[in-house]
Amino acid sequence: MLSRQFVREHPEEVRRALETKGVEVDVDRILEVDEAWRELKAEGDDLRYRRNEVSSRIGELKREGDEEAAEDAIERSQKLKEELEAVEGRADELEGELVERLLELPNVPHPEAPVGDDESDNVEVDRWGFDDRRGLPEEVVPHYDLGEDLEILDFDRGAKVAGGGFYVAKGEGARLEHALVQFMLDTHREAHGYTDVFPPIPVDSASMRGTGQLPKFVEDAYRLGGANDEPYDDEDLWLLPTAEVPVTNLYRDEILLDEDLPIKHQAYTPNFRREAGEHGTETRGIVRVHQFNKVELVNFVRPEDSSDRLEGLLGEATAVLERLGLPYRVLEMCTGDMGFSQARKYDIEVWAPADDAPDGPATGGRWLEVSSVSNFEAFQARRAAIQYRPEQHESAAYLHTLNGSGVAIPRVVVAIMEYYQHDDGTVEVPGPLRPYMGGLDRIEGGEPVGESAVGDG
RNA sequence: GCCAGGAUGGCCGAACGGUAAGGCGCACGCCUGGAAAGCGUGUUCCCUUUCGGGAUUCUGGGUUCGAAUCCCAGUCCUGGCGCCA
């Protein structure tokens with residue numbers, strides 16, 4: 001959310017900035033409502049002042065025993081009360097509309113973010129690991145085929161127990177997921193100074209609004225105990241779409257001390273996404289699924305530190321891929337592609353060599369987004385009321401929040417299965433993961449179970 | 001799930017229908033050779049160029065001219081009972 005004051009004082013800047021994000025916003029209406037609200041508020045304050053005076057006069061008269069004068073005053077007070085209710089009623093309505101409109105207003109992009117319309121205007125700022133990359137099999141088998149061959153990924157049974165878009169990781173596949181989670185958590189804790197958080201998986205509507213998922217993106221979330229198009233209130237629960245939601249909201253409605261900052265939290269959680277409107281895209285494999293594991297990095301910083309921290313966060317996320325030896329690139333998102341609540345955002349895309357995509361690298365294969373690293377500045381902090389007090393006796397100020405995936409697990413599994421694949425269809429375990437898999441250095445797969453496997457060659 | 005008790009500023013804590021004491025902390029000032037102590041002022045949010053005004057006793061309703069105080073509902077905390085991986 002942008003501050004009323006900022007919109008009030010810089011309407012042109014807001015209009016221009018939001019245009020670069022490709023959204024149309026009725027800034028005039030907001031200014032109009034704000035103006036009208038302030039007038040009513042002044043009027044109401046004045047009426048209240050008069051009523052307070054009369055009220056305290058009643059107290060005095062009663063104490064003095066002048067019942068007659070007190071009755072007169074009570075009558076005046078009743079009249080004022082009626083006027084007051086009318087004025088404040090209208091003021092409340094206007095304020096409600098104002099808040100509603102402000103909540104739907106996207107964040108203003110950072111002035112240095114590249115201006116552009118869509119993903120074709122994103123800027124590649126870094127590419128790593130291609131100069132000395134591994135030798136690959138003649139024909140790299142895509143992870144979805146290899147995963148079934150090795151009996152480490154099971155799509156049919158995932159669909160059976162939960163529906164399409166859910167998968168089951170089995171045997172070495174499940175162990176690989178666990179190993180990646182632990183490896184990432186250890187890396188960020190030990191090398192980057194993160195404190196672990198293991199949050200609740202259901203989150204309430206207030207949290208979803210605080211980080212910006214609601215009200216705009218209802219259709220993407222899994223709701224507990226109600227249909228998505230039914231009205232919801234603050235206490236209704238949703239399955240988290242990213243650990244960003246519970247972790248950022250940890251300090252909702254709180255004022256932190258200056259010396260608490262910066263706070264760096266990491267959280268492993270499963271993530272749940274309906275992927276509404278994505279039907280027909282990426283139906284094979286684990287690139288786009290309704291539930292996936294992710295380690296999320298969330299930072300709370302002083303406003304003046306957030307730009308530098310964004311670069312730091314990017315380095316912390318890419319460090320994971322570098323330790324695993326996985327080639328990747330970094331894109332800076334243009335204004336039109338960065339999303340509702342971001343002021344500045346980088347995407348990290350790992351290289352998966354099996355399927356050639358039109359927008360993949362010259363070496364073949366395709367890019368898979370494994371992390372989004374974003375600076376929200378005060379946008380989320382204002383929605384969620386997360387403040388800090390720069391000086392103990394002074395006003396509280398909104399801090400800045402940032403986050404980045406550190407990183408999404410299934411797409412790293414894809415990259416490992418394809419990039420570390422051998423001619424014989426086994427997958428080498430990257431060195432840093434071996435301690436997390438009991439020293440296992442190669443995934444050789446397991447035996448199928450059940451009648452359907454009999455006679456399967 | 002049931003019963004009982006509770007929630008007041010950054011912290012502690014009074015007021016229990018008449019308009020939020022006091023203490024601690026913190027900031028600034030005075031005092032001092034310097035410090036401590038002492039004294040004074042300030043310490044949340046909103047509107048207002050200023051002056052000033054309004055709001056705020058967990059949240060939302062209600063009663064009342066007036067609610068921290070009374071009533072209803074909810075949230076959270078504490079204790080007891082029940083249930084439970």
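Worth saying up front: this structure is predicted, and the values here are computed from it rather than measured. Numbered from 1 within each chain, the chains take letters A, B, ... in sequence-line order. All heavy atoms count here, side chains included; hydrogens, waters and symmetry mates do not.
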Please determine, for [N], whether a Watson-Crick or G-U wobble partner exists with both distances under 3.5 Å, and give it or none.
{"N": "B:C70", "answer": "B:G62"}
{"N": "B:G82", "answer": "none"}
{"N": "B:C26", "answer": "B:G42"}

Touch check for A:N52, heavy atoms < 4.0 angstrom, all strands: base, sugar-phosphate only, or nothing? sugar-phosphate
Within the 4.0 Å heavy-atom criterion, would you say A:R63 contacts the bases, only the backbone, or no part of the nucleic acid? sugar-phosphate
Pairs where residues 36-55 of chain A contributes a residue and the test salt bridge (charged side-chain N to carboxylate O under 4.0 Å, His left out) is met, not counting sequence neighbours: A:D34-A:R38, A:E35-A:R38, A:K41-A:D45, A:D46-A:R50, A:R48-A:E88
Check: protein-nucleotides 68-77 of chain B nitrogen or oxygen pairs below 3.5 Å:
none

Report the residues that fulfil side-chain contact (heavy atoms from CB on, under 4.5 Å) with [X], sequence neighbours left out, ordered by chain and then residue number.
{"X": "A:Q182", "result": "A:L185, A:Y436"}
{"X": "A:S405", "result": "A:K294, A:E296, A:S371"}
{"X": "A:E304", "result": "A:R302, A:Y388"}

Test side-chain hydrogen bond (donor to acceptor under 3.5 Å, both in side chains) applied to [X] - qualifying residues, sequence neighbours left out:
{"X": "A:E316", "value": "A:Y194, A:K264, A:R309"}
{"X": "A:Y268", "value": "A:N293"}
{"X": "A:R76", "value": "none"}

For nucleotides [N] and [M], find the distance between their [atom1] atoms and express it as a whole number of Å.
{"N": "B:U8", "M": "B:C76", "atom1": "C1'", "result": "16 Å"}
{"N": "B:C84", "M": "B:A7", "atom1": "P", "result": "34 Å"}
{"N": "B:G61", "M": "B:G66", "atom1": "P", "result": "16 Å"}

Establish, with yes or no, whether the OP1 or OP2 oxygen of B:A55 is under 4.0 angstrom from a side-chain nitrogen or oxygen of A:R48. yes
Contact check, residues 77-96 of chain A vs RNA chain B, heavy-atom distance under 4.0 Å, returns A:S77, A:Q78, A:K81
Atom OH of A:Y49 and atom P of B:G53: how far apart are they, to the nearest Å? 6 Å
Between A:L257 (CG) and B:G25 (P), how many Å, whole number? 17 Å
Quick check: closest heavy atoms across A:T248 and A:T401, and the distance to 0.1 Å? CG2-CG2, 4.1 Å
Name the orientation class of the two ring planes belonging to A:Y251 and A:H265 (parallel below 30°, tilted from 30 to 60°, perpendicular beyond 60°). parallel
Anything under 30° is parallel, anything over 60° is perpendicular, the rest tilted; go ahead and classify A:F340 against A:F217. perpendicular
Table of protein N/O atoms under 3.5 Å from nucleotides 43-49 of chain B N/O atoms:
residue: B:C45; atom: OP1; partner: A:S395; partner atom: OG; Å: 3.4
residue: B:C45; atom: OP1; partner: A:A396; partner atom: N; Å: 3.4
residue: B:C45; atom: OP2; partner: A:S395; partner atom: OG; Å: 3.3
residue: B:C46; atom: O2; partner: A:K41; partner atom: NZ; Å: 3.4
residue: B:C47; atom: OP1; partner: A:R8; partner atom: NH2; Å: 3.4
residue: B:U48; atom: OP1; partner: A:R38; partner atom: NH1; Å: 2.6

Mark yes when over 12 heavy atoms from residues, nucleotides or ligands other than A:E60 sit less than 6.0 Å from its CD; otherwise mark no. yes
Does A:H178, at its NE2 atom, have more than 12 non-hydrogen atoms belonging to other residues, nucleotides or ligands within less than 6.0 Å? no
Test of understanding: with ring-ring contact (aromatic ring centres under 6.0 Å, His included), list the residues that count as partners of A:H110, not counting sequence neighbours. none
Can you tabulate the close N/O pairs, meaning under 3.5 Å, that link protein atoms to atoms of nucleotides 57-63 of chain B?
none

Heavy-atom nearest nucleotide on RNA chain B for A:R50 versus A:I74: which residue maps closer to 5'? A:R50
A:G44 or A:S56: which one's nearest nucleotide on RNA chain B is closer to the 5' end? A:S56
